[in-house]
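What you see is a predicted model; the values in this text were computed from it and never measured.
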Amino acid sequence: MHTTPTTVPLAERPVRRSCGHPRRRALWPYAAVLALVTVLAACTGDAPAPPPSSATAASTPTATAAPTPSATPTPSALPSASDDFSSIDLTVPPPRPDALDAPPSKEAAAEIATYFALLFPYSAVTHDLRAFDDLSHPECGFCSDFIDEIQGYEAQGVTTEGGAIAVHRADVRTQTDDYFIVTTTMSQDSSRELDADGGVVGRDEGFAARTFEIDVMWYDGSWLIASVVPT
């Protein structure tokens, strides 16, 4: 995890793609993280083409408080610090944050990165990809791989149980006026995949307190996720 912001211009910070295809039902299980780090060392990606930013700003990361979970049944929002995943109903979408309608800011970027992380298990369980797809940049390799996988599972009758995510904190660095790097610390519950006959075809143990960089950009009046990379 970086402790100081970089000053690389947006044009030199491409959307980061995974050129391999690790298992993605868990956000990134430990073994897949190690494999992905090796893969990323050999990867290159194409940069998005947003309009040039008027300025480049660098600031010290600041922690953004997580929203308080609502009453039972809880949507796929943040549980307590004890990671009580049983309180999360993954059939209910995470609340849409007001930040999606806000102009570029570090606070908005933190909320949107958190929301995107919570959309992941909801979309995996329900196969409802609308909000996830709307928020995904076309060049986000992680995003497109996940969408393809869920669409394939839908066609095959594969379902997912578990996999809830708890986001513990989101630290934001300003890359440019409209591009933010959000280092999120999160945990994920164990999960399993079932085929159309109810047979178990996959399992994952989840993980605790891992960090990921979620690149959030403001482009043409909308917020988009540019990449998701483990740190």
Side-chain angles (χ1 to χ4, degrees), residues 1-2 6 8-51 100 109-110 112-125 127-156 158 160 163 165 167 170 172-173 175-176 178-186 188 191 193 202 204 207 210-220 222-231:
M1 173 177 173
H2 303 294
T6 62
V8 180
L10 178 60
E12 296 180 25
R13 185 178 178 85
V15 169
R16 297 175 288 185
R17 301 180 63 88
S18 166
C19 56
H21 295 281
R23 185 168 175 272
R24 291 173 297 277
R25 180 58 53 247
L27 184 60
W28 289 112
Y30 183 68
V33 170
L34 295 180
L36 184 65
V37 169
T38 302
V39 168
L40 286 174
C43 284
T44 58
D46 298 325
L100 283 173
I112 289 163
T114 298
Y115 174 63
F116 188 74
L118 299 177
L119 279 173
F120 181 86
Y122 163 76
S123 301
V125 167
H127 295 179
D128 178 3
L129 291 164
R130 290 170 295 179
F132 189 96
D133 190 26
D134 287 347
L135 199 49
S136 300
H137 190 283
E139 294 298 320
C140 173
F142 171 89
C143 308
S144 59
D145 284 350
F146 176 70
I147 291 169
D148 288 346
E149 186 177 48
I150 294 303
Q151 289 175 338
Y153 278 11
E154 176 70 14
Q156 298 163 22
V158 174
T160 297
I165 283 176
V167 178
V172 185
R173 288 179 284 146
Q175 186 71 15
T176 69
D178 49 15
Y179 199 109
F180 305 87
I181 305 166
V182 186
T183 300
T184 58
T185 302
M186 63 184 80
Q188 185 169 29
S191 62
E193 289 80 48
D204 195 274
F207 56 81
R210 296 201 61 83
T211 59
F212 302 82
E213 282 190 349
I214 301 178
D215 289 13
V216 184
M217 64 186 298
W218 171 265
Y219 176 57
D220 197 25
S222 298
W223 286 101
L224 294 171
I225 300 300
S227 69
V228 180
V229 177
T231 62

For this session: Carefully, step by step, assess Tyr179 and Asp215 under the rule side-chain hydrogen bond (donor to acceptor under 3.5 Å, both in side chains).
Result: CA-CA 7 Å; Tyr179 199 109; Asp215 289 13; 3.0 Å; yes
Exercise. In Å, rounded to the nearest 0.5 Å, how long is the span from CG of Leu119 to CG of Asp128?
Worked result: 9.0 Å
Seminar exercise, completed: Tightest non-hydrogen contact, residues Val182 and Ala109, listed as CG2-O, 3.7 Å
For this session: For Ala117 and Val167, work out which heavy atoms get closest and say how close.
Result: CB-CG2, 4.0 Å
Seminar exercise, completed: Interatomic distance, CD1@Ile214 vs CZ@Phe142, rounded to 0.5 Å, equals 8.0 Å
Exercise. Which is it for Thr231 and Thr211 under the side-chain hydrogen bond (donor to acceptor under 3.5 Å, both in side chains) test, yes or no, and what are the steps along the way?
Worked result: CA-CA 6 Å; Thr231 62; Thr211 59; 2.2 Å; yes
Seminar exercise, completed: For Gly163 and Gln188 the tightest heavy-atom approach is O-NE2, 2.9 Å
Exercise. With a 4.5 Å heavy-atom cut-off, do Leu100 and Tyr115 have their side chains touching?
Worked result: yes
Exercise. Which value, rounded to the nearest 0.5 Å, describes the distance between Leu118 atom CG and Met186 atom CE?
Worked result: 8.0 Å
Problem set entry | Within-4.5 Å side-chain heavy-atom neighbours: Ser123 and Phe146 | yes
For this session: Decide yes or no for Val216 and Ile225: does some side-chain heavy atom of the first lie under 4.5 Å from some side-chain heavy atom of the second?
Result: yes
Exercise. Are Phe116 and Val228 side-chain neighbours, meaning at least one heavy-atom pair lies under 4.5 Å?
Worked result: yes
Exercise. What's the shortest heavy-atom distance between Thr183 and Glu213, and which atoms?
Worked result: OG1-CG, 3.8 Å
Exercise. Once you round to the nearest 0.5 Å, how far does NE2 of His137 lie from OG of Ser227?
Worked result: 10.5 Å
Exercise. About how many Å separate CD of Gln156 and CD of Glu193, when rounded to the nearest 0.5 Å?
Worked result: 11.5 Å
Exercise. When the aromatic ring centroids of Phe212 and Phe207 are compared, is their separation below 6.0 Å?
Worked result: yes
Seminar exercise, completed: Nearest heavy-atom contact between Ile147 and Ser136 is CD1-OG, 4.4 Å
Exercise. What is the distance from atom CG of Leu135 to atom SG of Cys143, rounded to the nearest 0.5 Å?
Worked result: 8.0 Å
